[in-house]
Amino acid sequence: MSDQVYPETELQKTLVINSLLDLGIYKKRNKHLYELTLIELEEYYDVKRHM
């Protein structure tokens, strides 16, 4: 299978990234948010949202 990008996944990543940006979060350690997977983003958002 090729490295096909799934539009639904990319849309969800964008939504989670925007939510993190709304919280003032731009990076996770030394990585920019766009470098993270959707699962990493969702987990990070859950942690930060409950702080």
Side-chain angles (χ1 to χ4, degrees):
M1 194 155 124
S2 67
D3 290 336
Q4 181 177 343
V5 175
Y6 296 97
E8 302 85 17
T9 302
E10 288 304 307
L11 176 60
Q12 188 63 29
K13 273 184 75 168
T14 300
L15 293 173
V16 177
I17 287 171
N18 287 339
S19 297
L20 286 164
L21 292 173
D22 288 343
L23 294 174
I25 299 166
Y26 303 94
K27 287 179 132 184
K28 181 180 180 188
R29 295 189 195 115
N30 62 344
K31 285 189 171 184
H32 292 279
L33 297 177
Y34 66 84
E35 296 176 289
L36 302 173
T37 66
L38 176 57
I39 292 171
E40 290 172 319
L41 287 165
E42 289 175 332
E43 290 172 350
Y44 194 48
Y45 177 72
D46 285 341
V47 168
K48 292 298 184 179
R49 188 182 64 175
H50 291 100
M51 291 185 102

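Keep in mind that what you see is a predicted model, and the values were worked out from it rather than measured.
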Distance-only donor-acceptor hits, side chain of residues 15-36, under 3.5 Å, sequence neighbours excluded:
{"from": "N18", "atom 1": "ND2", "to": "T14", "atom 2": "O", "distance (Å)": "3.3"}
{"from": "S19", "atom 1": "OG", "to": "L15", "atom 2": "O", "distance (Å)": "3.0"}
{"from": "E35", "atom 1": "OE1", "to": "H32", "atom 2": "N", "distance (Å)": "2.7"}

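The side chain to side chain donor-acceptor pair (under 3.5 Å) contacts involving residues 40-49 comprise T37-E40, where partners must be two or more places apart or lie in separate chains.
Grouped by direct or indirect side-chain proximity (heavy atoms under 4.5 Å, Ile/Leu/Val/Met/Phe/Trp/Tyr only), I39 sits alone.
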